[in-house]
Amino acid sequence: MKQILAYDLGTSGVKASLYDDNGKLLAARYGQYPTFYPAEGYHEQRPLDWWENIRKATREIDTQFGLSDVGAIGISGHSLGTVAVDRKGNLLTETTPIWSDTRAVAQAENFFKKVDYQSWYETTGNGFPRHLYALFKQMWIKEQLPKVYDKTACFLGSKDYINLRLTGKIITDRSYASGSGAYSLQEEQYIEDYLQAAGIDLDKLPQVVSSTEVIGEVSEEAAKELGLPSGIPVVAGGVDNACMTLGANCKKIGDGYASLGTSAWVTVCAETPSVNFAAKTYTFAHCIPGQYLPSAGIFSSGSSLEWVIHNLFGNLAEAENVYERLSEMVRRTPAGAHGLYFIPNLAGGSSFDPSPDVRGLLAGLDLRHTQDDVVRAVYEGIALHLRCAYDVLAKETPLKEKLLLVGGGARSQVWREIYAAVFGIPVQKTEVVQDAASLGAAALAAVGAGIWKDYTVLDKAHGAGTLTSPKQEEANFYRGMLPRYKSLWGLTQNMAEIMKEERSDE
């Protein structure tokens with residue numbers, strides 16, 4: 001029996017997870033690292049912090065469980081990264097911009113003076129705000145740090161840097177490359193015209209391989225640091241969205257899931273690179289060859305709820321079992337929260353919102369409303385906004401009449417009931433709730449190293465789960481509420497313009 005070691009490199013920390021050959025989680029350890037904000041729009045992390053936390057977490061698992069039987073390693077990594085390394089694999093900067101870094105606005109604007117934006121979007125599927133993509137961060141490095149650019153042998157993604165530390169190999173996979181800003185989903189290769197317009201040399205981008213390809217083995221140096229045997233096969237791995245999709249057991253066309261965490265999104269497996277220029281859905285290549293992952297989501301879901309808890313309900317912030325208390329509050333008030341509406345754009349608008357400048361809104365308040373009403377409105381507003389994202393995807397690609405929920409929000413029975421009623425379809429929670437990305441990375445490693453012949457083991461790992469069907473009366477109510485919600489949501493565009501003027505006057 002061979003064990004599988006997976007690393008899920010997230011925005012706030014890394015989780016090291018050990019699985020058996022049936023996909024059962026044996027152990028997990030988490031290490032947190034900081035994000036630095038040295039200037040407006042700068043969101044940076046230290047790649048050495050990623051590695052150090054992987055080292056600590058791996059050694060902790062080894063101390064308790066032993067890692068002598070690990071047969072493969074796979075990694076999931078946060079997207080849109082660009083780590084500059086020299087020919088020996090050394091870092092050229094102490095910190096590196098992460099996915100949310102917005103410094104490259106001017107570089108993106110200059111690029112799109114040469115390249116048609118709609119054509120670029122439809123080729124790449126890159127629907128996030130365009131300046132977030134790695135290509136434009138590389139342009140910024142070339143303009144602002146020319147000596148770094150000249151010494152750069154390759155710009156790597158987050159998980160690709162860890163693979164380099166493990167194996168000494170400079171490689172990426174198609175799922176991560178599809179978020180580079182320079183990769184064609186259809187042609188499955190970098191577009192030289194885009195690189196030429198950006199002024200970025202093709203040979204500074206990593207070779208693209210399959211997510212399951214064994215790119216090398218754990219080196220003796222890395223083995224000593226991590227407490228692992230040397231020679232363990234390491235696969236290319238995948239971008240976090242693709243690994244989470246695989247770990248959510250979405251492996252056939254039409255399979256979909258909703259992730260309910262700090263942010264929230266809906267993703268579906270499609271057989272073509274589905275794009276929608278009006279809504280700017282974002283599409284990654286799947287870890288499974290021949291599949292694509294159109295997605296749409298909201299930046300502030302769980303974080304909206306946390307904001308309400310800490311800023312409106314200070315009496316709840318330090319309470320024990322706070323989420324059970326919230327569920328009780330939701331159940332004490334009827335669907336619709338007595339006419340109270342919540343728009344969850346506290347972190348600004350995502351790609352399918354009318355504008356990135358839109359902000360959150362609590363509308364319809366009057367003297368009869370209670371804390372219970374506010375909590376229910378927040379739960380409903382997040383679900384309704386994600387339903388809007390779901391509707392955008394449904395116009396472009398077929399979706400099955402059942403939706404898997406993962407992430408912390410999936411644990412809440414009351415929220416599952418609201419999602420089922422708002423979406424009008426059954427929703428499912430399985431044994432895999434908050435470890436989907438880790439399980440996806442482990443699955444890639446298991447298949448790549450030949451421990452699994454295919455991904456059917458994931459069915460067993462998930463189990464039958466719990467299915468929550470919509471209550472017909474509530475489903476009918478939310479069906480009528482949805483057009484009113486969309487109308488109110490549309491008005492936030494005008495509010496965004498007003499607030500933008502106000503911010504410019506400050």
Side-chain angles (χ1 to χ4, degrees), residues 258-266 297-348 350 358-390 403 405-424 427 429 433-434 466 468 470-471 473-482 484-486 488-489 492:
S259 177
L260 313 178
T262 301
S263 57
W265 63 87
V266 181
I298 53 181
F299 292 153
S300 182
S301 55
S303 55
S304 290
L305 186 59
E306 290 296 318
W307 184 90
V308 168
I309 292 170
H310 288 280
N311 291 283
L312 299 185
F313 303 152
N315 58 315
L316 283 177
E318 304 302 326
E320 293 184 7
N321 302 320
V322 59
Y323 294 104
E324 292 180 15
R325 296 271 299 274
L326 291 173
S327 294
E328 293 171 2
M329 295 170 74
V330 171
R331 292 192 186 282
R332 286 199 296 259
T333 195
H338 295 116
L340 197 58
Y341 287 76
F342 177 73
I343 308 292
N345 285 132
L346 273 63
S350 62
V358 297
R359 292 297 183 267
L361 181 67
L362 191 61
L365 273 171
D366 64 33
L367 293 174
R368 69 173 176 160
H369 285 122
T370 65
Q371 286 188 337
D372 295 351
D373 294 324
V374 173
V375 173
R376 179 154 196 131
V378 171
Y379 274 60
E380 291 177 340
I382 293 168
L384 286 162
H385 213 71
L386 204 59
R387 167 64 192 270
C388 294
Y390 178 89
L403 192 65
L405 302 183
V406 299
R411 296 187 185 278
S412 167
Q413 175 64 30
V414 69
W415 217 338
R416 295 199 301 271
E417 292 172 4
I418 289 174
Y419 271 97
V422 167
F423 280 68
V427 299
K429 178 184 78 72
V433 178
Q434 290 185 290
T466 301
T468 302
K471 297 176 182 177
E473 184 176 350
E474 286 192 358
N476 291 339
F477 177 85
Y478 288 124
R479 189 179 300 114
M481 185 178 176
L482 185 61
R484 299 192 296 273
Y485 178 88
K486 289 183 176 180
L488 186 61
W489 173 39
T492 60

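As the structure is a prediction and not an experimental result, all values here were calculated from the model.
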- Return the set of residues passing side chain to side chain donor-acceptor pair (under 3.5 Å) with Thr262 (not counting sequence neighbours), or none when no residue passes. none
- Item | Check: Val358 and Ile343 side chains under 4.5 Å, non-hydrogen atoms | no
- For Val406 and Val433, the nearest pair of non-hydrogen atoms, with its separation, is CB-O, 3.4 Å
- Interatomic spacing from CZ in Phe423 to CD1 in Ile418 - rounded to 0.5 Å: 12.0 Å
- Item | Least distance between heavy atoms, Arg359 atom then Thr492 atom | O-CG2, 4.4 Å
- Just wondering, do Thr468 and Leu405 contact through their side chains at under 4.5 Å, heavy atoms? no
- Message: Run the side-chain contact (heavy atoms from CB on, under 4.5 Å) test on Gln371 and Arg332 for me, step by step, so that the C-alpha distance in whole Å, both residues' side-chain angles and the decisive distance to 0.1 Å come before the verdict.
- Response: CA-CA 10 Å; Gln371 286 188 337; Arg332 286 199 296 259; over 6 Å; no
- Query: About how many Å separate CG of Leu384 and OH of Tyr341, when rounded to the nearest 0.5 Å?
  - Reply: 8.5 Å
- Closest heavy-atom pair, Gln434 versus Gly407, reported as atoms and distance to 0.1 Å, is CG-C, 3.9 Å
- Atom OG of Ser303 and atom NE2 of His310: how far apart are they, to the nearest 0.5 Å? 11.5 Å
- Note on the structure: Residues passing the side-chain contact (heavy atoms from CB on, under 4.5 Å) test with Ala337, sequence neighbours excluded, are Leu340, Asp373, Arg376, Ala377, Glu380
- Are side-chain heavy atoms of Tyr478 and Arg387 found at a separation under 4.5 Å? no
- Task: Kindly state each residue pair satisfying ring-ring contact (aromatic ring centres under 6.0 Å, His included) with at least one member in residues 364-384, sequence neighbours excluded.
- Result: Tyr379-Trp415
- Message: Would you say that Phe313 contacts Val375 through its side chain, given a criterion of any heavy-atom pair below 4.5 Å between the two side chains?
- Response: yes
- Query: Does Ser301 have any side-chain contact (heavy atoms from CB on, under 4.5 Å) partners at least two apart in sequence or in another chain, and if so, which?
  - Reply: Ala264, Ile298, Ile382
- Tightest non-hydrogen contact, residues Tyr485 and Phe342, listed as CE1-O, 3.4 Å
- Query: What pairs of residues pass the side chain to side chain donor-acceptor pair (under 3.5 Å) test when at least one of them lies in residues 319-329, not counting sequence neighbours?
  - Reply: Glu306-Tyr323
- Query: Can you name the side-chain contact (heavy atoms from CB on, under 4.5 Å) partners of Leu312, sequence neighbours left out?
  - Reply: Trp307, Val308, Val374
- Output for pair (Met481 CE, Asn476 CG), nearest 0.5 Å, gives 14.5 Å
- Item | Side-chain (Arg416) to main-chain (Thr466) donor-acceptor, under 3.5 angstrom | no
- Evaluate the side-chain proximity of Leu361 to Trp489: yes if any heavy-atom separation is below 4.5 Å, no if none is. no
- Kindly give the heavy-atom pair with the smallest separation between Pro344 and His385, and that separation in Å. CG-CB, 3.7 Å
- Distance in Å, Leu386 CG paired with Tyr419 OH, rounded so as to fall on 0.5 Å steps: 5.0 Å
- Item | Exercise: identify the closest heavy-atom pair between Ser304 and Leu346 | OG-CD1, 4.0 Å
